[in-house]
K.L.:
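Structure below; questions to follow.
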Amino acid sequence: MNGPLVRLDGVGVSYEGAEAPVWSGLDLTLDEGEMVLVVGPTGSGKSTLLRTLNGLVPHASGGTLHGRVTVCGRSTRTHPPRELADLVGFVPQDPAGAFVADVVEDEIAAAAENLAVPPVALRRRVEDALDLLGLADLRSRAVGTLSGGQAQRVAVAAVLTAHPRLLVLDEPTSALDPVAAEEVLSSLARLVSDVGLTVVLAEHRLERVVHHADRVIVLDGGGATPRVGPPAVLLGTSPVVPPIVALGRTFGWEPLPMSVREARRLSGPLRERLADRTPAARTVLPGEPLVVARGLRRVLGGRAVLDGVDLTLYAGEVTALMGRNGAGKSTLLALLAGLRRPDGGRLSVCGAEPTSRKPVDRVRDVALVPQDPGLLLYGESVAHECATADHEGGLSTGTTAASVARVVPGLPEDRHPRDLSEGQRLGLALGVVLAAAPRVVLLDEPTRGLDYPGKERLVEVLRGLAVDGHAVLVATHDVELAAELADRTVVLGDGEVVADGPTREVVHQSPGFAPQVSKVLSPEPWMTVAEITAALDLVPGGVG
Amino acid sequence: MIAPRAARPLHPGAWWAWSLGLAVAASTTRSPAVLILLAAVLGVVVTLRRPDAPWSRSFSALVPLALALIALRVVVAALFGARTGEGSVLLRIPQIPLPDWAAGVQVGGPVTDVAVGRALLSGGQLAVLVLCVAAASSLASPYRTVRCLPAALHEVGVAVTVAVTFVPEAVRTASAIREARALRGRPSSGIAGLRGLATPVLEGALERSLRLAESLDSRGYGRRGDVPPRVHALGSAALLTALVASGAAAYGLLGGAPYGVVAALVAGLAAVLSLRISGRSVVRTRHRPDPWRVPESVTAATGVLAGVLSVLIGSDALGIGPSHLLGPTGSAAVLLLAVLAAALPAVVAPPPSLSSPTTPATPVARPLVEVS
């Protein structure tokens, strides 16, 4: 095969009714064995870009494609996705929702079956794919029973059996715990180097991916032309950077480090400057205990999802709840919020057993924002949502609107909740549940799909809630969020509490949960760039 | 003692042959005893050999429907049934006088035991038919069934795949939404909890169906092989001809028109042609096709045997009244035995292999936290 693998000539995408194109004027060639990362804030068209590569845009989702996309000489104009399936493997966001078979092995074989791979070769490809992604034990499992990390690996294996030349992944690690994410990414890196596969992926959590990437495509949003280049060059000026790059920019490290290893090598002078300093202790004055759980158990299908969990949450404290996929985090939140009844143990939330109260009374004590905050919203518009919440909760008119405005000021009132950005929708949902003035606030995986500015805003809001005397519990896989936000971290493993203590201590004990800064400066106890700049009286982000 | 066997799913074709055989038996028999035995056999086999997967719950879901069918049949017969005057009167429903133009329709009146018996029987037949189909769809994975279809019918496969996931997904979305409403303080159970649920549930399930269709597309479903467009057009033309001709054939045959037979022949030929052409244009292979071994043959044979015997013995051998319930004659005893033999798959078929959704995830050997 001569010529580049993928060629984009002046490509842009616009949707009918929109004023500006999503982005335009992209010229790009991709060669064999490259890993390319697509970066940009929410709504800047990352998914759109990925979907143009196998023809889903415009064949499946409409829109107008300007310019020309060719994959191995086949134009996506004349070839719909199914005719490109032998060249491009596409793994959508939330792959579990797109499984086409019911058993792992059949799922993995599906793409190659459609390509009429001869049975003997097909059998070998399936076995290879199972081995390559470590799925041999799961081959006869029903796909519905897989954890997030397993589902993601199955989805990758399922496109690999078609032996594609290009692999496209939309946020492959956003639902994964740090260790599972690293597993998926290193499998991808191995494919790039071993079989010359080209990988294009979009990811919000740059800190997980950027050190694997050869090039980045930065989307600035608003119809601008995407910028393409090596990560060290583009991230030097990007508004969206992982902590390690922020650290490097602050202290003027050259070349800008992309991996922990590079950063550790450059961090000598900084360590000296920090030698006689310690991170400012957070001034936490834990108040009264609002949630007291003792020996909490929850059994599902003969298996203890939670097995004797002891947990106390205090007013004025933000706690992060971590643990691998399937460790029981969401179940614990559901028990605390009174959605499920514990099968054993004692639980008191603001002095009452949550399931013993009527929903309308319970929400005055405890609020839970689920993983998909959109589920909480059912109004026709932001204003309608607030009015409904006032009416149903028996609140005086305007209470919810005021509460929402405290969380996200200036939401367009007439906008449908579905049309809000990820961050705005989360803010609206949080504002709505806070209107009933609950003292305990629980959030399940709030940073999924949230860009860095959105995350910063969330940290601000949640810290504010703690200061106002709320007890906040955030279940998350995002170690950087935990480091910035939480006073205390609780780690669940297989339904039991395996660690519970100040965030700094807990994350330092475990390489899997350590944020980047703490990996760079280990064994010193620093966790975030902000802490360091505060200790040295510097302006973060600038050149120090 | 039966030696332990490796768990594996039985070939879907075997389950379908078995259940369709039993369905034939159910629709040709007039014996309550056979119907009751059929229902029992279906229940036993499904209970013992059903895998634990979302689709395998359709049997239990359809049992109430089957019972409702019987009840409905009896009620309708009692209210509107033809008054033949046979049998003794069980109860009298006040008759509603109807105007002249509704002559022939009677509402209310005496209800006889024969009428009720007949309604019970035909309702029972219908109910067992429903159970037969429910049993097959609980026992054989729809995904695997679709994979056994000839290549030409693969579009049906796409439709089935999307449909099969639609209902469980709608149920899951519904429970997620109801839970989320409880978080807003709305009642999550009872009629009040159902209010305003339809739109978001349908929206969610439709969205998912679209995603699934996209995913099928990205993975090369429905790729055309190297078939020139002209051949493809010929296939479409043949399909159209087959459809039109079969319509004409049905009309002709039912109406006794002479062209009926010719049209039927044309329809058959065109259908075969179109299947062959479109079968050539869709090229795909199968990964580890389900094997057809002894258990498959036994399962299919027991079902088919029951169906064939039922047809041969005929409908009147066992009588129809409740009084004949326990008095089978010689040939009827054979049929009863054949139906009983259809329970064999409960032992002969290998246990289903699909791991249950509640089985704990295989623990991954990696330290979660290295506590120093």
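Everything quoted here is computed from the prediction, not taken from an experiment. Letters A, B, ... mirror the listed sequences (proteins, then strands); counts begin at 1.
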K.L.:
Quick check for you: to the nearest 0.5 Å, what is the distance between B/R219 atom CZ and A/D86 atom CG?
P.N.:
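B/R219 CZ to A/D86 CG: 15.0 Å, rounded to 0.5 Å.
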K.L.:
Can you name the residues that form a side-chain hydrogen bond (donor to acceptor under 3.5 Å, both in side chains) with B/R286, not counting sequence neighbours?
P.N.:
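With sequence neighbours excluded, B/R286 shows a side-chain hydrogen bond (donor to acceptor under 3.5 Å, both in side chains) to no residue whatsoever.
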K.L.:
Could you tell me whether the side chain of B/E214 reaches within less than 4.5 Å of the side chain of A/R51, counting heavy atoms only?
P.N.:
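Yes, side chains in contact.
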K.L.:
Please look at A/Q371 and chain B and tell me whether the side chain, the backbone, both or neither of the residue comes under 4.5 angstrom of a heavy atom of that chain.
P.N.:
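For A/Q371, neither part sits under 4.5 Å from chain B.
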K.L.:
Would you mind checking which part of A/V100 comes under 4.5 Å of any heavy atom in chain B, side chain (CB onward), backbone (N, CA, C, O), both or neither?
P.N.:
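Its backbone and side chain both get close to chain B.
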K.L.:
What is the distance from atom CZ of A/F99 to atom CG of B/L212, rounded to the nearest 0.5 Å?
P.N.:
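Rounded to the nearest 0.5 Å, the CZ-CG separation comes out at 11.0 Å.
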K.L.:
Count the heavy-atom pairs under 4.5 Å between each of A/R418, A/R364, A/M322 and chain B, then report the option with the highest count.
P.N.:
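Answer, by heavy-atom pair count under 4.5 Å with chain B: A/R418.
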K.L.:
Could you report the tightest heavy-atom contact between B/G185 and A/V363, atom names first, then the distance?
P.N.:
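Here B/G185 and A/V363 meet closest at N-CG1, 3.4 Å.
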K.L.:
For A/L339 versus B/A182, what's the shortest heavy-atom pair and its separation?
P.N.:
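Here A/L339 and B/A182 meet closest at CD2-CB, 3.8 Å.
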K.L.:
If you count heavy-atom pairs within less than 4.5 Å of chain B, which of A/R340, A/R362, A/K358 leads?
P.N.:
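The candidate making the most pairs under 4.5 Å is A/R340.
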K.L.:
Give, as side chain, backbone, both or neither, the part of A/D361 having an atom under 4.5 angstrom from any heavy atom of chain B.
P.N.:
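Neither part.
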K.L.:
Residues of residues 132-145 of chain B under 4.5 Å from chain A (heavy atom pairs)?
P.N.:
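Residues in range: B/S141, B/Y143, B/R144.
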K.L.:
Of the options A/V360, A/L375, A/V432, which is the one that meets B/R184 in a side-chain contact (heavy atoms from CB on, under 4.5 Å)?
P.N.:
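Of all the options given, the one that passes is A/V432.
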K.L.:
Heavy-atom distances under 4.5 Å only: say whether A/R357 touches chain B with side chain, backbone, both or neither.
P.N.:
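Nothing of A/R357, per the 4.5 Å heavy-atom cut-off to chain B.
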K.L.:
At a 4.5 Å cut-off on heavy atoms, which part of A/P178 comes close to chain B: side chain, backbone, both, or neither?
P.N.:
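No part of A/P178 comes within 4.5 Å of chain B.
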K.L.:
Heavy-atom cut-off 4.5 Å, strictly under: side chain, backbone, both or neither for A/L376 against chain B?
P.N.:
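Both parts, backbone and side chain.
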K.L.:
Who passes salt bridge (charged side-chain N to carboxylate O under 4.0 Å, His left out) against A/D372, sequence neighbours left out?
P.N.:
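Applying salt bridge (charged side-chain N to carboxylate O under 4.0 Å, His left out) to A/D372 gives none.
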K.L.:
Return the set of residues passing salt bridge (charged side-chain N to carboxylate O under 4.0 Å, His left out) with A/R123 (not counting sequence neighbours), or none when no residue passes.
P.N.:
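Partners of A/R123 under the salt bridge (charged side-chain N to carboxylate O under 4.0 Å, His left out) test: A/E127.
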K.L.:
Chain B heavy atoms under 4.5 Å from A/A435: which part of the residue, side chain, backbone, both or neither?
P.N.:
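It is neither, since no heavy atom gets under 4.5 Å.
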K.L.:
Taking the side chain as everything from C-beta on, heavy atoms only, tell me whether B/H287 gets closer than 4.5 Å to A/R125.
P.N.:
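Not in contact.
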K.L.:
Against chain B, work out which of A/V433, A/V366, A/V117, A/N54 has the most heavy-atom pairs shorter than 4.5 Å and name it.
P.N.:
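The candidate making the most pairs under 4.5 Å is A/V117.
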K.L.:
Please determine, among A/A337, A/P118, A/G97, A/A109, the option with the most heavy-atom pairs under 4.5 Å with chain B.
P.N.:
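Heavy-atom pairs under 4.5 Å are most numerous for A/G97.
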K.L.:
Below 4.5 Å from any heavy atom of chain B, which atoms of A/V369 appear? Answer side chain, backbone, both or neither.
P.N.:
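Nothing of A/V369, per the 4.5 Å heavy-atom cut-off to chain B.
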K.L.:
Between B/A180, B/S215, B/G220, who has the most heavy-atom pairs with chain A when the cutoff is under 4.5 Å?
P.N.:
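Most heavy-atom pairs within the cutoff with chain A belong to B/G220.
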K.L.:
Using 0.5 Å steps for rounding, measure from the CG atom of A/N114 to the CG atom of B/L216.
P.N.:
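One gets 8.0 Å once the value is rounded to the nearest 0.5 Å.
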K.L.:
For A/A112 versus B/T285, what's the shortest heavy-atom pair and its separation?
P.N.:
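Looking at all heavy atoms of both residues, the closest pair is O-OG1, 4.1 Å.
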K.L.:
Assess whether atom NE2 of A/H416 is packed by more than 12 heavy atoms of other residues, nucleotides or ligands within 6.0 Å.
P.N.:
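Counting neighbours around NE2 of A/H416, more than 12 heavy atoms of other residues, nucleotides or ligands fall under 6.0 Å, so yes.
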K.L.:
Charged N to carboxylate O under 4.0 angstrom, A/E113 versus B/R288?
P.N.:
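Not counted as a salt bridge, because no side-chain N and carboxylate O are separated by less than 4.0 Å.
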K.L.:
Check whether any side-chain N or O of B/S218 sits under 3.5 Å from a backbone N or O of A/F90 as a donor-acceptor pair, and report yes or no.
P.N.:
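No, B/S218 side chain to A/F90 backbone: no donor-acceptor pair under 3.5 Å.
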K.L.:
Where does A/L84 contact chain B at under 4.5 Å (heavy atoms): side chain, backbone, both or neither?
P.N.:
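Just the backbone, heavy atoms under 4.5 Å.
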K.L.:
May I ask you to decide whether B/R181 forms a salt bridge with A/E392, counting only side-chain N to carboxylate O separations under 4.0 Å?
P.N.:
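Between A/E392 and B/R181 there is no salt bridge, as every charged N stays at least 4.0 Å from the carboxylate O atoms.
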